[in-house]
Protein chains: 4
Amino acid sequence: MTPATGRRIHADARREQFLDAALELFSERGFDATSMKDLAEATGAAPGLVYHYFGSKNELLAAVLAERSFFPKLRALLADLPDRPAAEVLTELAERFEAMLSEREAVVRLVAHEAQTDGQIRAELERRIDDATGAVARYLESRVAAGELRPHDSVTAARAIFFTLVMFHLTGTPAGDSPRCLVEVVLGGIAAKVDRG
Amino acid sequence: MTPATGRRIHADARREQFLDAALELFSERGFDATSMKDLAEATGAAPGLVYHYFGSKNELLAAVLAERSFFPKLRALLADLPDRPAAEVLTELAERFEAMLSEREAVVRLVAHEAQTDGQIRAELERRIDDATGAVARYLESRVAAGELRPHDSVTAARAIFFTLVMFHLTGTPAGDSPRCLVEVVLGGIAAKVDRG
Amino acid sequence: MTPATGRRIHADARREQFLDAALELFSERGFDATSMKDLAEATGAAPGLVYHYFGSKNELLAAVLAERSFFPKLRALLADLPDRPAAEVLTELAERFEAMLSEREAVVRLVAHEAQTDGQIRAELERRIDDATGAVARYLESRVAAGELRPHDSVTAARAIFFTLVMFHLTGTPAGDSPRCLVEVVLGGIAAKVDRG
Amino acid sequence: MTPATGRRIHADARREQFLDAALELFSERGFDATSMKDLAEATGAAPGLVYHYFGSKNELLAAVLAERSFFPKLRALLADLPDRPAAEVLTELAERFEAMLSEREAVVRLVAHEAQTDGQIRAELERRIDDATGAVARYLESRVAAGELRPHDSVTAARAIFFTLVMFHLTGTPAGDSPRCLVEVVLGGIAAKVDRG
DNA sequence: TATGAATGAGCATTCATTCAT
DNA sequence: TATGAATGAATGCTCATTCAT
């Protein structure tokens with residue numbers, strides 16, 4: 001239909017350029033504190049051009065969130081957690097999650113920021129978190145059934161891992177081998193002796 | 001010193017009124033999205049009056065953070081963690097921290113939001129987090145020395161508890177008895193059998 | 001309540017100044033073609049100040065129409081048309097109407113212009129026209145009953161007088177003694193011999 | 001001369017399409033409130049294409065007024081008013097004029113709107129009105145000379161008929177048999193007894 | 001002939017801030 | 001202490017117009 005001419009390719013590149021610049025500026029300064037003029041200057045385009053590609057500043061934000069989001073990757077990470085020992089699975093999961101957070105740091109920061117004030121973004125974020133922690137919790141329960149893990153509050157355990165890793169990023173705590181350490185703490189606990197009925 | 005005249009009392013009350021209204025509005029909509037006119041309307045004062053009490057919008061933010069902050073309470077929480085069993089101490093600490101977060105929800109949300117974009121706020125937040133987790137980590141290490149806890153990455157353990165509780169609040173996860181659960185998970189771990197040399 | 005200080009007086013004067021300038025500019029160039037900056041320049045005020053007095057450009061238009069309108073005067077003109085001969089009454093009415101149109105030329109032109117594209121203004125205009133022509137038509141019928149006028153389409157006659165005078169103004173036709181001529185034509189007709197059963 | 005190739009035919013059709021769409025949009029919303037993008041969307045063409053046919057938005061307006069105008073038809077209506085009784089001629093003229101207004105309602109509304117603010121359009125409109133009322137006035141005077149009509153202000157009478165019919169359209173007054181009524185009023189007058197020296 | 005990306009000035013509006021009263 | 005009129009720069013957005021393709 002639309003011919004993939006050089007023109008079209010150029011147009012698509014522009015769009016991506018706007019998305020990239022918007023993600024960078026929004027995550028650095030916040031959505032409200034970024035003006036469309038800032039965006040234009042960052043891309044070398046005229047101020048009006050953004051509106052050729054996005055209907056409004058809010059639509060641009062929506063497009064950034066939709067097209068630069070980490071949610072698909074997160075979902076992929078959690079699809080079909082294998083039936084192997086929790087120590088292996090959780091460590092690998094935490095490390096991959098940590099890698100994803102590093103890779104998508106800008107959008108993570110953006111979502112964290114805007115979710116505080118934008119009800120819609122917040123609602124979607126909460127839904128995704130529920131999905132993700134739910135998937136991990138189900139895996140943990142399957143390991144309980146398999147006798148590998150003791151009965152416990154699997155949702156809290158799942159959240160502890162996710163939330164801690166996210167906060168490491170948001171607060172700028174140097175990551176290091178924290179995913180591994182964290183999983184070790186959660187799996188093994190820190191008490192010297194455990195009373196296990 | 002300053003005579004507590006009616007005028008003075010009124011002036012102080014005004015100041016507090018501005019701080020309260022600012023905290024509420026800033027935490028709900030964000031600092032950028034709150035106008036000085038909004039603030040004036042919320043307090044019933046004229047738009048110019050805020051400037052008799054605070055030099056600028058940014059100074060008002062600074063005052064809100066300084067005078068409504070949760071940091072002193074956090075510091076009090078962590079002062080002199082008693083030499084008693086970790087199960088008791090950590091549970092009580094987590095519950096008090098959780099109570100503090102609930103009580104100061106507005107300022108927690110405000111700090112979380114602004115720290116994403118304001119370098120100064122962020123730096124101070126990080127410093128406070130380091131202080132707090134440092135204090136808990138030292139306590140944990142003292143329990144390791146006492147033989148109650150096994151050797152472990154105490155900073156990661158401390159952060160896991162703090163960060164998870166904070167994220168529960170920021171994401172709106174219903175708290176319930178999560179502090180207790182969380183401490184139980186971290187203390188006891190979730191594995192069925194632990195190999196402890 | 002609000003003290004009528006010099007401050008307040010000044011503020012009211014400003015408001016009037018904006019209304020006057022807006023009426024002039026809107027009627028000259030049209031509402032759409034007048035920018036708020038034009039208005040600011042015409043009054044010597046800063047661009048933002050208009051919004052201290054009027055919520056928006058549309059509210060300003062509404063205020064101009066409400067406070068500079070000719071409708072009250074028109075209504076006064078038509079209240080209690082006396083029980084005297086039509087030749088006198090209609091001539092005086094036409095002359096007063098003509099005088100009113102000259103006096104309020106700007107708002108007449110403005111209403112004529114905006115009613116073409118603004119449904120709300122148009123609807124109100126039509127209602128007022130109906131009121132006015134209705135009042136005149138009722139007077140004409142009372143003269144028919146009194147035997148002074150022959151039975152005729154009184155609404156059409158009333159409209160012919162009003163509409164023609166308005167169009168004289170809108171098209172810039174020099175008025176002269178047109179009201180008198182017009183009434184004479186409508187009253188006496190132009191035919192040499194009339195068959196009157 | 002210009003070969004009527006398929007290309008050419010298509011081009012001409014495009015031109016007409018733009019004129020039609022422009023007339024409709026301009027008369028509905030006004031010239032200023034219609035954007036070239038609106039026009040492009042209404043015709044299904046690309047935004048730039050209009051400029052192949054018309055040099056600018058103003059030239060497009062000029063072309064609409066020139067090529068969709070009612071002036072030629074009006075002139076035709078008035079050419080050679082026959083030497084027959086005024087009752088017949090004026091009634092027929094009024095009915096045809098009324099029909100023309102209905103048929104060209106869009107352009108009538110457009111001209112009425114733009115003439116309020118555009119000096120050039122206004123000047124031309126006034127000239128045409130003078131031509132038209134002049135022609136009718138001359139006819140009326142010829143009937144006065146023929147003894148059919150009494151001496152009267154023929155220009156005012158002519159304008160009364162034209163202006164009233166136009167205003168019926170602009171104000172949305174339902175037309176019905178108003179042309180006939182109007183002519184009857186103007187011809188016969190509304191007074192019961194007329195003193196005719 | 002036709003497209004649609006690109007421009008840059010202009011628009012209505014908001015806002016932090018100042019200051020005469 | 002308190003008011004609210006006034007400022008002027010900035011913001012999100014629109015628009016007539018141009019031009020490479």
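Because the structure is predicted, anything quoted here is derived from the model rather than measured. Numbers restart at 1 for each chain; the letters A, B, ... are given by sequence-line order, proteins then strands.
To the nearest angstrom, P of dT17(F) lies 7 Å from CG of N58(D). The interatomic distance linking F31(D) (CZ) with dC15(F) (P) rounds to 13 Å, in whole Å. One can place CG of L39(A) at 18 Å from P of dA10(F), the figure rounded to the nearest angstrom. Atom P of nucleotide dT14(F) and atom CG of D32(D) are separated by 17 Å, given to the nearest angstrom. Counting to the nearest Å, the C1' atom of dG12(F) and the CG atom of D38(A) are 12 Å from each other. Straight-line distance from the OH atom of Y51(D) to the P atom of dA20(F): 17 Å, rounded to whole Å.
Between the CG atom in D38(A) and the CD atom in E41(A) there is a gap of 6.5 Å [rounded to 0.5 Å].
Between H10(C) and dA20(E), a side-chain N or O to OP1/OP2 separation shorter than 4.0 Å is absent. OP1 and OP2 of dG4(E) both lie 4.0 Å or more from every side-chain N or O belonging to Y53(A). Put simply, R14(D) has a side-chain N or O that comes within less than 4.0 Å of OP1 or OP2 on dA2(E). In this model, the phosphate group of dA16(F) is approached by a side-chain N or O of K57(D) to a distance below 4.0 Å at OP1 or OP2.
dC19(F) and dG4(E) make up a base pair, with Watson-Crick or G-U wobble contacts both under 3.5 Å.
For S27(B) against A106(B), the heavy-atom pair with the smallest separation is CB-O, 3.1 Å.
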N/O donor to acceptor pairs below 3.5 angstrom from side-chain atoms of residues 60-71 of chain D, sequence neighbours left out:
unit_1: E67(D); atom_1: OE1; unit_2: R15(D); atom_2: NH2; d: 2.9
unit_1: E67(D); atom_1: OE2; unit_2: R15(D); atom_2: NH2; d: 2.2
unit_1: R68(D); atom_1: NE; unit_2: D20(D); atom_2: OD1; d: 3.0
unit_1: R68(D); atom_1: NH2; unit_2: E16(D); atom_2: OE1; d: 2.9
unit_1: R68(D); atom_1: NH2; unit_2: D20(D); atom_2: OD1; d: 2.8
unit_1: S69(D); atom_1: OG; unit_2: F71(D); atom_2: N; d: 2.8

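No contact: T43(C) has no heavy atom under 4.0 Å from any strand.
Closest to the S56(B) side chain, of the nucleotides dT1(E), dG4(F), dT17(E), is dT17(E). Among the nucleotides dT17(F), dT7(E), dA16(E), the one closest to the side chain of S35(B) is dA16(E).
No donor-acceptor contact under 3.5 Å links the side chain of H52(A) to the base of dA6(E).
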